[in-house]
K.L.:
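What follows is a single structure, and I will ask about it in a moment.
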Amino acid sequence: MTTIERPPLEGLRVIDLTTFLSGPSATQLLGDLGADIIKVEALGGDSSRAIVGPTVGGDSAYYLANNRNKRSIAIDLKSPRGLDIVQRLIDGADVVIENFRPGVTTRLGIDPHDVVARRPALVWASISGFGQTGPLRDRPAYDMVVQALSGVMSLTGHPGAPAARLGIPAGDVVAGLYAVIGILAALEARHETGRGRIIDVSMLHGQLAMLSYQALYANLNGVAPGPQGAAHDSIATYRSFRGGDGRELVVTANTPRMWEGLCRVLGVDELIDDERFLDAARRLRNKEELWAILEERFAQRPAAEWVDLLSATSVPAAPVRNVLEALADARAAADGSLVVVRADEAAFENVSTPIRFESTAEVEPAYPPALGGNTVDILVDELGVPASEVDSLIADGVVAARALGDPVT
C-alpha cells in the first residue's frame, strides 16, 4: 500500500511582508507546497489589490493571481503597537520574506540583522530591484525597468522594430523563483547548522542570469546581440513559419536527424545534400536563402497539418497559441496545470504550481485572503492576544479586520 506523504513544506511558517508581484509570487509558491503564509499588509492593503483590469468579488485579478494559500493580517506598520505585533509574528516564524526598498525594514524598526541575531534559526529573504548594496540600491524598480537594464528588452521583438517588453512579468517572477530557491537552500543548511541565513535577491541580477548563453556570446564576440524575433542566433532551423492558413507554427530542428526529417516532410529532400546547407554552420551562414525556401513550402499547407506531420517524424514543432488557446489546451489535458480556487460564491480558474510530488497530499487551494480577513484569528490563535485587546487594537487603528458577515472578497 502506497503511503501518502504530507505536503513537503507543511509545518513551515512564513511571514510575508511583500506586495505587488515578485514577493507574492514567491510566497504563493511556498504556500502551494504546504507552508503556512501569514501575509502582513498595511492598512491600505497590498497595492496590487487595486490594479485596473478584471476583478472577482472586488479584488483585482492581478492580486488574485498571486495570493492563494495565504492568511492576511492588516497592521499599521508605523505604529509601535503594530510593530510589536509584527515582531511577535516573526518570533514564531521560520522564514521572513520582504520586498521593500533596501533600508525600509530597518527604518520601520525591523532590521534583518538584529532579528536574525535574536533568532539565529530564522531565514530572512529580501527581494529588491537592484540588491541591498551597489549604486542603484535606492532606485525604485518594476519589471520593465529591470528588463530594460538587463538587456532582455534589447533581445525581444523583431529586427528593425523598437525594443519590446516580454509579455510576461519575468523580472518579478524570476526574482520570486530565485528567492524560493535561496530559502529552500537556507532551510536545508539549517538542518545541519541550526542557523538561518539572510538572502539578498536582486530583480536585475535575476534577469542578467536569465541571459544565459546570450551573455557569453556578447562577451566573446564583443558584439551586442539584437532582437531575436522568432529565430535563433545559432540555429537556422529554430524559428517560426506561417502556414497556408495564416497561422504560425514553430520548428526546432536542431540536430542533423531533425534537419533531414524536416526536409523530407516538406518534400525538399534535395536540400539535404545541397552544399549551402550541408551542416549547421552553413545553414546558419546561408539562412536567408534557406528561410525563403522553407517559407514557400510551409505556405502550401495549414499550420496544424505541418505540426502533425513533423511531430510524427519526431521533428519538434508546435502551433503558436494565444493565451486563451493555451489555457483551453491545458483544460482539455486535465493534467492539473489549472486549478479552480473557490470561496463561498466567488471562484476563478488559474494556473497551478508546476511542481508535482508522487504519493504526496496536494494542498487544497485556498482563496486569496480579504484584506485583514484573518487578523482576529491570527492575533487570538497565534499570539494569544485577549479579545478585549483585539477590540482595542481595531478601535485604535493599529490593525484592521474584516468584520463578521463581510464577504470573503
Side-chain angles (χ1 to χ4, degrees), residues 9 12 14-42 44-74 95-100 125-129 141-147 165-184 201 203 206-207 323 326-327 330 336-343 346-355 363-374 408-409:
L9 297 186
L12 187 79
V14 179
I15 303 303
D16 178 357
L17 300 174
T18 72
T19 185
F20 228 84
L21 185 50
S22 61
S25 69
T27 50
Q28 176 169 273
L29 175 53
L30 294 170
D32 286 345
L33 297 178
D36 175 23
I37 311 297
I38 297 180
K39 183 177 179 70
V40 177
E41 300 186 67
D46 185 326
S47 53
S48 71
R49 289 180 181 272
I51 293 292
V52 175
T55 61
V56 180
D59 273 321
S60 76
Y62 197 108
Y63 165 79
L64 295 174
N66 295 284
N67 285 284
R68 65 175 173 258
N69 294 330
K70 303 178 186 182
R71 297 186 286 161
S72 169
I73 179 170
V95 177
V96 174
I97 179 168
E98 55 91 7
N99 64 345
F100 295 107
S126 296
I127 303 174
S128 62
Y142 285 95
D143 174 74
M144 190 157 66
V145 171
V146 297
Q147 285 196 31
R165 170 187 170 270
L166 288 171
I168 56 173
D172 285 299
V173 174
V174 168
L177 290 173
Y178 278 125
V180 170
I181 293 168
I183 288 167
L184 296 179
V201 174
M203 292 171 65
Q207 289 301 279
V323 173
L327 292 173
S337 54
L338 297 180
V339 63
V340 176
V341 185
R342 303 181 187 277
F348 62 89
E349 180 187 57
N350 199 17
V351 292
S352 65
T353 293
I355 302 171
V363 175
E364 186 69 24
Y367 202 91
L371 174 60
N374 309 99
V408 174
T409 60

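Keep in mind that what you see is a predicted model, and the values were worked out from it rather than measured.
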K.L.:
Between Ile73 and Val40, does the side-chain contact (heavy atoms from CB on, under 4.5 Å) criterion hold? Intermediate values first, please.
P.N.:
CA-CA 5 Å; Ile73 179 170; Val40 177; 3.9 Å; yes
K.L.:
Is there a side-chain contact (heavy atoms from CB on, under 4.5 Å) between Leu21 and Tyr62? Walk through the geometry before answering.
P.N.:
CA-CA 9 Å; Leu21 185 50; Tyr62 197 108; 3.4 Å; yes
K.L.:
Does any N or O in the side chain of Gln28 come within less than 3.5 Å of the main-chain N or O of Arg68, such that one atom is a donor and the other an acceptor?
P.N.:
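Here the side-chain-to-backbone pair exists.
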K.L.:
Determine the minimum heavy-atom distance between Gly372 and Ser72, stating which atoms define it.
P.N.:
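Taking every non-hydrogen atom into account, N-OG, 2.9 Å.
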K.L.:
Could you go step by step and tell me if Leu177 and Leu29 meet the side-chain contact (heavy atoms from CB on, under 4.5 Å) rule?
P.N.:
CA-CA 8 Å; Leu177 290 173; Leu29 175 53; 3.9 Å; yes
K.L.:
Looking only at atom types and distance, does a side-chain atom of Ser25 sit under 3.5 Å from a main-chain N or O of Val173, one as donor and one as acceptor?
P.N.:
no
K.L.:
Could you tell me which non-hydrogen atom of Leu17 sits nearest to which non-hydrogen atom of Val96, and how far apart they are?
P.N.:
CD1-CG1, 3.9 Å
K.L.:
How close do Asn99 and Gly23 get, heavy atom to heavy atom, and via which atoms?
P.N.:
ND2-N, 3.5 Å
K.L.:
Going from CD on Glu41 to OG on Ser47, what distance comes out if it is rounded to the nearest 0.5 angstrom?
P.N.:
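Here the interatomic distance stands at 9.5 Å.
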K.L.:
So do the side chains of Leu9 and Val363 get within less than 4.5 Å of each other, counting heavy atoms only?
P.N.:
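No, side chains not in contact.
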K.L.:
Do Leu327 and Glu349 have side-chain heavy atoms sitting under 4.5 Å apart?
P.N.:
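SC-SC contact between Leu327 and Glu349 ruled out.
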K.L.:
Would Lys70 and Thr27 satisfy side-chain hydrogen bond (donor to acceptor under 3.5 Å, both in side chains), going step by step from the backbone distance to the final call?
P.N.:
CA-CA 8 Å; Lys70 303 178 186 182; Thr27 50; 2.8 Å; yes
K.L.:
Heavy atoms only: give me the nearest Ala170-Asp143 pair and the separation to one decimal.
P.N.:
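That would be N-OD1, 3.2 Å.
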K.L.:
So do Met203 and Asp172 actually touch side chain to side chain, heavy atoms under 4.5 Å?
P.N.:
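Result yes, sub-4.5 Å side-chain heavy-atom pair found.
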K.L.:
Can you check whether Ile38 reaches Val14 side chain to side chain, under 4.5 Å on heavy atoms?
P.N.:
no
K.L.:
Quick check: do Ile127 and Ile97 have side-chain heavy atoms less than 4.5 Å from each other?
P.N.:
yes
K.L.:
Ala141 and Gly129: which non-hydrogen atoms are nearest, and at how many Å?
P.N.:
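What the structure gives for the nearest pair is CB-CA, 3.6 Å.
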K.L.:
Using a 4.5 Å cut-off on heavy atoms from C-beta on, say whether the side chain of Phe20 contacts that of Ile51.
P.N.:
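Side-chain contact under 4.5 Å: yes.
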K.L.:
At what distance, to the nearest 0.5 angstrom, does NZ of Lys39 lie from OG1 of Thr18?
P.N.:
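If we round to the nearest 0.5 Å, Lys39:NZ and Thr18:OG1 are 4.5 Å apart.
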K.L.:
So, for Val341 and Tyr367, which heavy atoms are closest and what is the spacing to 0.1 Å?
P.N.:
CG1-CA, 3.4 Å
K.L.:
For a 4.5 angstrom cut-off between non-hydrogen side-chain atoms, does Ile183 reach Leu30?
P.N.:
yes
K.L.:
Once rounded to the nearest 0.5 Å, what's the spacing between atom CZ of Arg49 and atom OG1 of Thr55?
P.N.:
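The CZ atom of Arg49 sits 13.0 Å away from the OG1 atom of Thr55.
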K.L.:
Just wondering, do Phe348 and Pro368 contact through their side chains at under 4.5 Å, heavy atoms?
P.N.:
yes
K.L.:
Closer than 3.5 angstrom, by distance alone: can the side chain of Ser22 be matched with the main-chain N or O of Gly171 as a donor-acceptor pair?
P.N.:
no
K.L.:
Would Asp46 and Thr19 count as a side-chain hydrogen bond (donor to acceptor under 3.5 Å, both in side chains) if you check the C-alpha gap in whole Å, the side-chain angles of each, and the deciding distance to 0.1 Å?
P.N.:
CA-CA 5 Å; Asp46 185 326; Thr19 185; 2.7 Å; yes
